[in-house]
Amino acid sequence: MDWLAHLNERQRAAVTHTDGPLLVIAGAGSGKTRVLTYRIAYLLESGKALPSQILAVTFTNKAAQEMKERLRQLVGPIADSLWVGTFHATCVQILRRHADRIGYKRHFLIFDTSDQIAAMKETLKELNVDQRNFEPRAVLSTISAAKNELVDWRTYQERASDFWERNVGRFYEHYQKKLEANSAMDFDDLLGQTVRLFREHPDVLEEYQERFRYVLIDEYQDTNRAQYVLVSMICARHRNLCVVGDADQSIYRFRGADIRNILDFERDYEDAKVVKLEQNYRSTKRILEAANAVIENNLDRPDKTLFTENPEGELIRFYRAEDERDEAAFVAEEIERLRREESFSYQDITILYRTHAQSRTFEEEFIRRGMPYRIVSGVRFYERKEIKDLLAYLRLIANTDDELSLRRIINVPKRGIGDTTLGRIQQFADQEGITLFEAMRRVEEVEDVTPAYARRVKEFTELILGFREVAEGLSLTGLVDKVLRDTGYIAELQAEKSVEAEARIENLQEFLSVAKEFETQVESGLEAFLDHVALVSDVDAYEEGVDMVTMMTLHSAKGLEFPVVFLVGMEDGVFPHSRALWEPGELEEERRLCYVGMTRAMRLLYFTCAKFRTLYGQSNYNNVSRFVDEVPPSLIHDIGEERARARMARLGRLGLSDVATRAALRGVSGVGDGGRSGASASGVLGASGALGASAASGASRAGNAALNFASGEKVRHAKFGVGTVISVQPSGSDAILTVAFPGEGIKRLMASMAPLERV
């Protein structure tokens, strides 16, 4: 075991402590994945356990895959027989073997988010409930919270104490029965039904208690009540439970995560050994010092201080923009400078924001400049219409009880089976107590369905049954290809001869690539593939080594690291989120999220914010985030002033008129304030600097005087006539002019492109 020499003293202590409960408090960048993988390797090579006796649970498929790859390097092919996966994937494997013990079919479906929403909408419609009063997502969120606490619909109804809860109790019951009728479980059921299986069938629990002699749980601070109970049940016999986590990185409270699980571990297991991993191998000293300064403001945390032997590093770079467009322009310009002057590549850089809504202005700026970027949101591929249609076919082939999928593709492509016909078949199904698909097979018995319509229905059911017959003899890719051809789906798209149809065909071809890649896995059948697709998360789609700037939410960034990190939107009301400002518990969660974002950075960390921001249709003047103010001033470098000076020098070198120079500084308050909590000079001159860059760009385009316009000037447009410049808004190396034209209204024009001249 020469590889043990690669561990520091505390890491080695965590790896070699094999018997009894173990709590590893692993700070950001302290090598927790290495500890987990080396611990598994140690258990195998020391003879403590066979591969089948180890269960390792992670929170993302990506983390599970990374762990398997590292284990292959340490112990070879034997790693492929280890049980390593997410909580949900682990529960799926257990339920596939035993779901019939609790009244489910073993080939049950997994409802993803869109399926859940569709099922809830149907529930509300069937109960004659106005969705404007009970928004489906809000109802599902309440039900999810109950399921995470292992509260079933009967218990929920008994505890309901107000109007909302009493109604949700009704919806919960109807929704759950709809899932059961479709032989389906949602994500929360995968956990809850596994706990139920263990409680109702001790022999099944005993089987897994005996099998899993060593259990390792990653990111334990993000476990909820159901996960906590599940782990406790499995480990009750051998008690060789190793949990790894960091209370300072608990960021999923909104999903039901309970930070008390890790904080109270020593109470639950009084004989637990505790190992603290406090040496950070990722970030520079200054980044780490700044992150520590922020998280120390939280009260509900264990005593822990990260340190590093890495270089001192750069100060945290801070920029306060005029508005969100100026912020995006600054980030884009700074990225280009980093590539040009500091030898970073696009793939070294990530932009982290609190919510996806903030990405829009960055996307627009990057598109305008032709800069490559990607947004980490992998589930979107599977949410496209054509992909959902194809998945609906595959799901129906796997399980003909799946009424939602059946209804989705009954007329895709068009078969002339209308709602009236389907409604009559549904009535027949209800009367006979059979599934909708079975009723369609017996369509000749349904009254008021003409022979012509009955033939169409029969052709559809025979098509699906034909797929089911050949499915076992075909590869996954072969089955997908056959479905696309035999249903006429591809032919219908080809007949459209439109750009949109071509794009959909390309997406379906990409789906074939996904299926082909999945076939290389050990378990590659249709059912396993549908499980895989259902459990895909945003971050699973993130691929390293692609030279693009990455944009993602702070929650998605968990577990990743980048040489350069831009934390954008650092304003009170944006981050921390407005709903957290007056709730201490919520504010501490937001601070942990900030800490996670800061500790993603390896070499450079930026904070950016805007004085004025329009978000969700609301425009507000915002204070700098309290999290920025919690960083010692000695660790912050306000780059706004030097950026402004450089740009103003460029204005002078270009010999611009005094009018243009004054325009760059006009109408802005707070010049010289300097401080981060006020209207700083960096934000003021950042705006003027952007205008200066526009002027510089204009000078390179012979005769383009439009870039030098200032507020209050009269201009003539070839189409709109004479107007007055209301404002000049910087946009990277260009500017957007807002001009009022009598009789034509107010127009926003790009300075470098607008056909304007002075009057």
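Here the structure is a predicted model, which is why all the values come from computation and not from measurement.
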Would you say that more than 12 heavy atoms from the other residues, nucleotides or ligands in this model lie under 6.0 Å from the [atom1] of [X], or not?
X: Arg225; atom1: CZ; answer: no
X: Lys385; atom1: NZ; answer: yes
X: Glu472; atom1: CD; answer: no
X: Tyr453; atom1: OH; answer: no
X: Asp430; atom1: CG; answer: yes
X: Arg137; atom1: CZ; answer: no

Once you measure the plane-to-plane angle for [X] and [Y], does it fall in the parallel (<30°), tilted (30-60°) or perpendicular (>60°) bin?
X: Tyr172; Y: Tyr156; value: perpendicular
X: Trp83; Y: Phe212; value: perpendicular
X: Tyr208; Y: Phe198; value: tilted
X: His555; Y: Phe254; value: perpendicular

Check whether the side chains of [X] and [Y] place a donor and an acceptor atom closer than 3.5 Å, and report yes or no.
X: Arg407; Y: Gln426; answer: yes
X: Lys121; Y: Gln116; answer: no
X: Lys178; Y: Thr123; answer: no
X: Asp218; Y: Thr58; answer: no
X: Thr461; Y: Arg441; answer: no
X: Thr553; Y: Ser556; answer: yes
X: Tyr214; Y: Gln53; answer: no
X: Asp531; Y: Gln93; answer: no

Pairing of Glu66 and Arg70 as salt bridge, 4.0 angstrom limit: yes
Basic-acidic side-chain contact under 4.0 Å: Arg374, Asp547: no
Closest non-hydrogen atom pair, Leu55 against Val57: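 Smallest interatomic distance, heavy atoms only, reads CG-CG2, 3.9 Å.
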Heavy-atom check, side chain of Val412 versus side chain of Glu386, under 4.5 Å: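 No, too far: nothing below the 4.5 Å cut-off.
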Test: Arg96 cationic atom under 6.0 Å from Phe108 six-membered ring centre, within 45° of axis: yes
Cation-pi geometry met for Arg369 and Phe366 (6.0 Å, 45°): no
Centroid-centroid distance, Phe529 to Phe511, less than 6.0 Å: yes
